[in-house]
There are 2 protein chains.
Amino acid sequence: MVELNERAQFLLKALTERYIREGQPVGSRTLARDAGLTLSPATIRNVMADLEDLGLVSSPHTSSGRIPTVLGYRVFVDTLLSVRPLDDAVVEKLKENLDIRHDSKNLVESVSSLLSDVTRLAGIVTLPKRENAALQRVEFLPLSGKKVLAILVINDKEVRNSILHTEREYSPAELQQYSNFLNEHFAGKTLNAVRSMLLRELRETREHLNRMMATALDMADQVLGEAEQGSGDYVLAGQTNLMEFQELCNVTTLKQLFEAFNEKSHILHLLDQCVENQGVQIFIGEESGYQMLDECSLVTAPYSVNGKVVGVLGVIGPTRMAYERVIPIVDVTARLFSAALNPRD
Amino acid sequence: MVELNERAQFLLKALTERYIREGQPVGSRTLARDAGLTLSPATIRNVMADLEDLGLVSSPHTSSGRIPTVLGYRVFVDTLLSVRPLDDAVVEKLKENLDIRHDSKNLVESVSSLLSDVTRLAGIVTLPKRENAALQRVEFLPLSGKKVLAILVINDKEVRNSILHTEREYSPAELQQYSNFLNEHFAGKTLNAVRSMLLRELRETREHLNRMMATALDMADQVLGEAEQGSGDYVLAGQTNLMEFQELCNVTTLKQLFEAFNEKSHILHLLDQCVENQGVQIFIGEESGYQMLDECSLVTAPYSVNGKVVGVLGVIGPTRMAYERVIPIVDVTARLFSAALNPRD
DNA sequence: TTTAGCACTCCCGCCGCCAGAGTGCTAATT
DNA sequence: AATTAGCACTCTGGCGGCGGGAGTGCTAAA
């Protein structure tokens with residue numbers, strides 16, 4: 001990347017900010033007034049021509065103002081952006097709404113709509129991965145017929161139950177024995193660890209195992225299987241906010257976008273890429289590699305439990321979004337959400 | 001309503017069918033060819049003028065063909081419609097996808113997307129009301145600290161748990177006592193009955209009650225409270241299908257619509273009105289009374305458990321929808337869904 | 001009662017026009 | 001050498017007029 005002199009940087013910044021605010025291509029005259037510099041439009045035009053050569057701005061047609069290109073946004077975001085600190089009011093609102101009392105599914109939903117509310121864009125939050133969650137407790141309850149209710153206490157915020165269809169009836173006492181067995185052996189281990197231990201047990205010692213243990217293992221494995229299905233999903237909120245933006249307002253674009261949201265796999269793949277990065281990550285327009293997001297940007301931050309990243313949250317909006325506002329919001333929300341998820345007391 | 005002679009009826013039917021198929025105003029010439037009658041366009045025009053006077057059709061402008069009015073659709077649906085029996089293939093698909101093994105929340109979701117798939121419209125299914133569900137069983141498990149996990153077994157498909165924040169720790173044995181007490185007294189009663197019994201007990205005998213019972217009642221009441229919050233909600237699917245239709249394809253209409261879906265309260269109110277009616281119910285355009293649905297129709301049918309209506313399902317689409325196909329689909333789906341929800345075996 | 005004929009209406013796409021905004025280039029100015 | 005004024009040029013977008021097409025209502029004939 002060629003170095004930009006200070007003035008060029010300043011003008012690119014001013015132009016981008018103006019365009020983000022107004023949504024209209026910015027002409028030299030306007031920019032001259034807007035930037036506060038005492039420069040004539042003609043000078044600005046020269047600079048603009050340079051920026052255009054560098055691929056940082058472009059004009060929709062011969063005689064219209066300039067708009068930032070994806071590259072222009074990139075430079076803007078990476079080197080020119082002055083992130084302003086968050087309003088206390090906003091921080092308060094975020095904190096208020098991150099009530100710890102909810103279970104984590106509800107929490108995810110409320111964070112998602114919180115993000116969309118505060119940014120007026122679409123909020124997105126992945127469900128926390130549970131692989132690394134410790135298994136606190138297992139219980140079995142008999143239901144009518146051959147059904148058994150299995151309860152998996154993962155932590156103080158998350159409980160999961162599923163109904164098992166078994167081959168015969170079990171007495172309460174029997175079930176109690178099974179769950180005792182499982183609790184003794186596996187409580188406190190992560191789901192993954194439990195699973196692999198189960199598999200080994202099954203393979204190595206099946207024949208010596210008494211039937212009780214074998215059944216308990218079967219059951220527990222079934223439940224674990226279900227527990228993991230939920231992961232790899234996300235909760236989206238405020239899609240309708242996207243309809244406010246001119247640039248997304250043609251029906252075909254919207255349709256593609258909404259269908260991508262429904263499809264989920266693409267978006268998930270994209271979000272996966274944000275897990276590795278520690279802080280806020282931004283995809284601008286085509287950078288995402290997905291055509292339906294060409295006109296959108298994605299601002300994300302991972303969140304974690306016990307120091308392990310377990311999910312990603314963020315917002316989706318038009319490339320022309322108020323990054324300097326959105327970025328700190330996403331950042332702080334991720335932190336607060338992490339804090340809310342982390343077991344304390 | 002003035003009686004229509006047979007020919008007028010036939011032509012209204014032909015016109016409506018044609019318009020539903022093509023989406024374009026239908027002119028006299030076209031209709032003459034389409035209807036298969038040996039009538040000249042001029043004759044058709046006379047009939048059309050009559051239908052227009054009756055408010056059954058209208059023309060968007062002086063010299064364009066006619067389209068059905070809401071009233072026209074009404075007559076069409078109520079008296080002219082020839083509902084064709086469902087394709088076996090479709091019925092099969094419906095049956096296949098209504099697997100009993102899911103819990104009811106999942107089932108609701110899959111039915112909703114099933115409806116939207118088959119009709120290519122938006123599917124909507126309310127969550128089943130639980131008021132009349134019998135309480136099968138209550139269990140309490142101690143969690144860490146002062147938290148207690150309460151499990152409410154409602155039926156073989158539905159289990160609900162919530163974490164209670166109590167004032168002190170409880171031993172497992174203690175909790176066992178509580179749940180035994182509750183199970184003895186309330187098992188098999190409906191949630192509503194349980195709740196009112198609880199209230200009476202609390203009022204009349206609080207002072208004589210030993211602390212154990214009081215606590216148990218408190219807990220159960222908390223859980224019941226949560227259990228009922230979920231009701232009055234619905235699951236929507238295939239909203240994007242609505243973007244296929246020309247008449248809904250301007251962004252403002254779409255936005256209103258989608259916001260109404262998010263808001264839920266209006267739609268729920270509308271769906272409530274369908275509970276009373278036994279069979280399929282149809283709101284056409286403005287009939288719904290909600291402006292954002294002016295260009296939409298809603299086709300619904302209630303579903304029931306143990307002979308009691310507990311919810312409503314249906315589809316939302318443009319007024320110009322293929323009623324003769326949609327109606328039986330909604331009807332059959334409601335029946336199959338009821339069947340799937342009803343406890344058997 | 002039905003139909004042919006006809007004048008009329010309205011929509012829609014097309015074209016040309018014009019004002020407005022903004023550009024690039026050149027030559028003058030600092 | 002950098003900046004600026006001036007100017008010719010270009011593109012958009014809105015407006016009005018025009019003509020074809022589709023369809024109507026009415027009247028008079030069958």
Side-chain angles (χ1 to χ4, degrees), chain A residues 2-12 14-16 18-19 21-69 72 246-247 249-250, chain B residues 2-12 14-16 18-19 21-69 72 246-247 249-250:
Chain A
V2 187
E3 285 296 297
L4 289 179
N5 64 46
E6 204 173 326
R7 193 175 62 185
Q9 286 191 19
F10 182 86
L11 285 175
L12 176 57
L15 179 134
T16 309
R18 169 95 193 191
Y19 180 66
R21 237 181 312 123
E22 310 282 340
Q24 297 292 331
V26 186
S28 54
R29 179 192 220 72
T30 320
L31 193 53
R33 240 185 292 109
D34 209 57
L37 299 182
T38 59
L39 285 178
S40 75
T43 314
I44 307 260
R45 283 204 286 279
N46 288 328
V47 180
M48 284 303 140
D50 296 346
L51 290 179
E52 187 154 4
D53 286 345
L54 292 172
L56 297 171
V57 301
S58 70
S59 38
H61 56 89
T62 344
S63 87
S64 75
R66 307 302 211 290
I67 62 177
T69 61
Q246 223 77 50
E247 54 265 56
C249 253
N250 71 74
Chain B
V2 188
E3 286 297 297
L4 290 178
N5 63 47
E6 205 173 325
R7 193 175 62 184
Q9 287 192 17
F10 181 86
L11 285 175
L12 176 59
L15 179 135
T16 308
R18 169 95 193 191
Y19 180 67
R21 236 179 315 122
E22 308 283 341
Q24 299 292 331
V26 185
S28 54
R29 177 192 222 72
T30 319
L31 193 54
R33 239 184 294 108
D34 208 58
L37 297 183
T38 60
L39 285 177
S40 77
T43 315
I44 306 263
R45 282 203 287 280
N46 289 328
V47 180
M48 284 303 140
D50 296 346
L51 290 178
E52 188 154 4
D53 287 344
L54 292 173
L56 297 171
V57 301
S58 70
S59 39
H61 55 87
T62 346
S63 84
S64 75
R66 306 300 211 292
I67 62 177
T69 61
Q246 222 77 48
E247 55 264 57
C249 252
N250 71 74

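We name chains A, B, ... by the order of the sequence lines, and we start the count at 1 in each one. If you're wondering where the values come from, they're calculated on a predicted model, not measured in any experiment.
- Annotation: B/Q246, atom CD; neighbour count of heavy atoms from other residues, nucleotides and ligands within 6.0 Å does not exceed 12.
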Donor-acceptor pairs are to be reported for all side-chain atoms of residues 38-47 of chain A against protein atoms at under 3.5 Å, with residues two or more places apart or in another chain.
residue: A/S40; atom: OG; partner: A/A42; partner atom: N; Å: 3.4
residue: A/S40; atom: OG; partner: A/T43; partner atom: N; Å: 3.4
residue: A/S40; atom: OG; partner: A/T43; partner atom: OG1; Å: 3.1
residue: A/R45; atom: NH1; partner: A/S28; partner atom: OG; Å: 3.2

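- Looking at residues two or more places apart in sequence or on another chain, you find no side chain to side chain contact (heavy atoms under 4.5 Å, CB included) involving B/D50.
- The outermost nucleotides of DNA chain D lying under 4.0 Å from heavy atoms of chain B, listed 5' to 3', are D/dA22 to D/dG25.
- With sequence neighbours left out, B/E247 forms a side chain to side chain donor-acceptor pair (under 3.5 Å) with B/R320.
- In terms of position along DNA chain C, the nucleotide closest to B/L39 lies nearer the 5' end than the nucleotide closest to the other residue of the pair A/G65 and B/L39.
- Residues forming a side chain to side chain contact (heavy atoms under 4.5 Å, CB included) with B/D53 (at least two apart in sequence, or on another chain): none.
- Partners of B/T62 under the side chain to side chain contact (heavy atoms under 4.5 Å, CB included) rule, at least two apart in sequence or in another chain, do not exist in this structure.
- Side-chain atoms of B/S59 never come within 3.5 Å of backbone atoms of B/G65 as a donor-acceptor pair (strictly under, hydrogens ignored).
- Checked against side chain to side chain contact (heavy atoms under 4.5 Å, CB included), B/A14 has the following partners two or more places apart in sequence or in another chain: B/L31, B/A35.
- Shown here for A/V57 and A/M48, the closest heavy-atom pair between the two residues is CG2-O, 4.1 Å.
- If you check residues 24-35 of chain A against DNA chain C, the residues with a heavy atom closer than 4.0 Å are A/G27, A/S28, A/T30, listed by number.
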Please write out each protein N/O paired with an N/O of nucleotides 10-14 of chain C under 3.5 Å, distance rounded to 0.1 Å.
residue: C/dC10; atom: OP1; partner: B/T62; partner atom: OG1; Å: 3.4
residue: C/dC10; atom: O5'; partner: B/T62; partner atom: OG1; Å: 3.2
residue: C/dC10; atom: O2; partner: B/S63; partner atom: OG; Å: 3.2

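- For A/R21, the salt bridge (Lys or Arg N to Asp or Glu O under 4.0 Å) partners are A/D34, not counting sequence neighbours.
- Partners of A/E52 by side chain to side chain donor-acceptor pair (under 3.5 Å), not counting sequence neighbours, listed by chain and number: A/R66.
- Rounding to the nearest 0.5 Å gives a distance of 4.5 Å between CD1 of B/I67 and OG of B/S58.
- Listed by residue number, A/A42, A/T43, A/R45, A/N46 are the residues of residues 41-51 of chain A with a heavy-atom contact under 4.0 Å to DNA chain D.
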